[in-house]
Peer 1: 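I'd like to ask you about the structure that follows.
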Amino acid sequence: MEQKKATFQLVEYCFPAFSFNTIDSQSQGDKEGAIQLGLTAQGLYSQESRRFNVKIEMQILASKELMCQIQCLAAFEFANEIKKEDIPDYFYANSIAILYPYVRAFCSLITTQSNNPGVILPVLNLTALGEELKQNTTLQENNDTNNSVISSGSL
């Protein structure tokens, strides 16, 4: 069976939650790049409005201490109505790949503007996170007329 093509675009995104804790160089052990990343993803799809809302949460640890938490909300819109089960697998990985550079740039900007050594996140292969997004996606049953992730601040 041939898989349908799904045309989609990023409509909006925002960062409703962010926290940053300064970690001194002593607690980092003076190791360059001694950070660990934790990423999670969730989705909410409205077939009626053709909008797919994504939430990415990132935790950055330095020497096992929480240094930074970022929450990014975004909305993608499909060109045509598509059932949740017909959303192609490539959408999940690609939506994360589209959002990650925004999260990466936001983290770098905020941490360098705080007069501390900036946190430059690495370029990552986020294919596995696409599968997590697919597993953590729910269908929005009652279609709220306000689908803006920016105005609602949540999924």
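Only a predicted model underlies this, so the values are computations on that prediction, with no experimental measurement involved.
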Peer 1: Quick one: closest heavy-atom pair of Phe20 and Thr22, and the distance?
Peer 2: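 Heavy-atom minimum between the residues: CE2-OG1, 4.0 Å.
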Peer 1: Establish, yes or no, whether a centroid distance under 6.0 Å links the rings of Phe78 and Tyr45.
Peer 2: yes
Peer 1: Got a sec, which residues hit side chain to side chain donor-acceptor pair (under 3.5 Å) with Gln36, two or more places apart in sequence or on another chain?
Peer 2: none
Peer 1: When you measure from the side chain of Asn53 to the backbone of Leu44, do you find a donor-acceptor pair of N or O atoms at a distance under 3.5 Å?
Peer 2: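 No.
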Peer 1: For Arg104, enumerate each residue passing the side chain to side chain contact (heavy atoms under 4.5 Å, CB included) test, keeping only those at least two apart in sequence or located in another chain.
Peer 2: Tyr100, Ile120, Leu121, Val123
Peer 1: Return the minimal non-hydrogen interatomic distance between Thr40 and Glu132, and the atom names on each side.
Peer 2: CA-OE2, 3.2 Å
Peer 1: Let me confirm one number: the CG-OG distance from Leu66 to Ser19, rounded to the nearest 0.5 Å.
Peer 2: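 Result: 5.5 Å between the selected atoms.
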Peer 1: Suppose we screen for side chain to side chain contact (heavy atoms under 4.5 Å, CB included). Which residues come up paired with Tyr102, at least two apart in sequence or across chains?
Peer 2: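 Side chain to side chain contact (heavy atoms under 4.5 Å, CB included) list for Tyr102, sorted by chain: Leu10, Tyr13, Phe15.
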Peer 1: Would you sort out whether Leu99 and Val54 count as a side chain to side chain contact (heavy atoms under 4.5 Å, CB included), showing the intermediate values?
Peer 2: CA-CA 9 Å; Leu99 286 177; Val54 176; 3.9 Å; yes
Peer 1: Do Val103 and Leu109 belong together in a cluster built from hydrophobic side chains that touch within less than 4.5 Å?
Peer 2: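 No, no single cluster joins them.
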Peer 1: Is Phe106 linked to Leu61 within one hydrophobic cluster, defined over Ile, Leu, Val, Met, Phe, Trp and Tyr using a side-chain heavy-atom separation of less than 4.5 Å?
Peer 2: no
Peer 1: What verdict does the side chain to side chain contact (heavy atoms under 4.5 Å, CB included) test give for Arg51 and Glu12, after you've listed the backbone C-alpha separation in whole Å, the side-chain angles of each residue and the deciding distance to 0.1 Å?
Peer 2: CA-CA 11 Å; Arg51 289 178 69 105; Glu12 60 181 336; 2.7 Å; yes
Peer 1: Under 3.5 Å, is there a donor on one side chain and an acceptor on the other for Gln69 and Glu57?
Peer 2: no
Peer 1: Using side-chain heavy atoms (C-beta onward) and a distance below 4.5 Å, is Cys68 in contact with Asn21?
Peer 2: no
Peer 1: Under a 4.0 Å threshold between the charged nitrogen and the carboxylate oxygen, would Glu81 count as salt-bridged to Arg50?
Peer 2: no
Peer 1: Can you measure from CD1 (Ile60) to CD1 (Ile70) and round to the nearest 0.5 angstrom?
Peer 2: 5.0 Å
Peer 1: What heavy-atom pair brings Leu73 and Pro16 nearest, and what distance separates the two atoms?
Peer 2: CD1-CG, 3.6 Å
Peer 1: Closest heavy-atom contact between Thr111 and Cys107?
Peer 2: OG1-O, 2.8 Å
Peer 1: Between Phe76 and Val11, is there a shared hydrophobic cluster once you connect ILVMFWY residues whose side-chain heavy atoms come closer than 4.5 Å?
Peer 2: no
Peer 1: Tell me, with the steps shown, if Phe8 and Ile87 meet side chain to side chain contact (heavy atoms under 4.5 Å, CB included).
Peer 2: CA-CA 10 Å; Phe8 63 93; Ile87 296 173; over 6 Å; no
Peer 1: Apply the test side chain to side chain contact (heavy atoms under 4.5 Å, CB included) to residues Gln47 and Ile82: give CA-CA distance (whole Å), side-chain angles for both, the deciding distance (0.1 Å), then the verdict.
Peer 2: CA-CA 6 Å; Gln47 185 175 328; Ile82 186 170; over 6 Å; no
Peer 1: According to side chain to side chain donor-acceptor pair (under 3.5 Å), who are the partners of Ser108, at least two apart in sequence or on a separate chain?
Peer 2: none
Peer 1: Any chance you could measure Asn94, atom CG, to Ile98, atom CD1, to the nearest 0.5 Å?
Peer 2: 6.0 Å
Peer 1: Looking at Gln71 and Lys55, what are the two nearest heavy atoms and their distance?
Peer 2: NE2-CD, 3.6 Å
Peer 1: Return the CG to OH distance between Asn136 and Tyr92, rounded to the nearest 0.5 Å.
Peer 2: 11.0 Å
Peer 1: Looking at every heavy atom in both Met58 and Leu37, which two are closest together, and how far apart are they?
Peer 2: SD-CD2, 4.4 Å
Peer 1: Tell me the ring pair (Phe, Tyr, Trp, His ring centres under 6.0 Å) pairs involving residues 54-74, sequence neighbours left out?
Peer 2: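 Every candidate ring pair (Phe, Tyr, Trp, His ring centres under 6.0 Å) pair involving residues 54-74 fails, so no pair, neighbours aside, qualifies.
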Peer 1: Excluding sequence neighbours, so at least two apart, what forms side chain to side chain donor-acceptor pair (under 3.5 Å) with Glu131?
Peer 2: Gln135
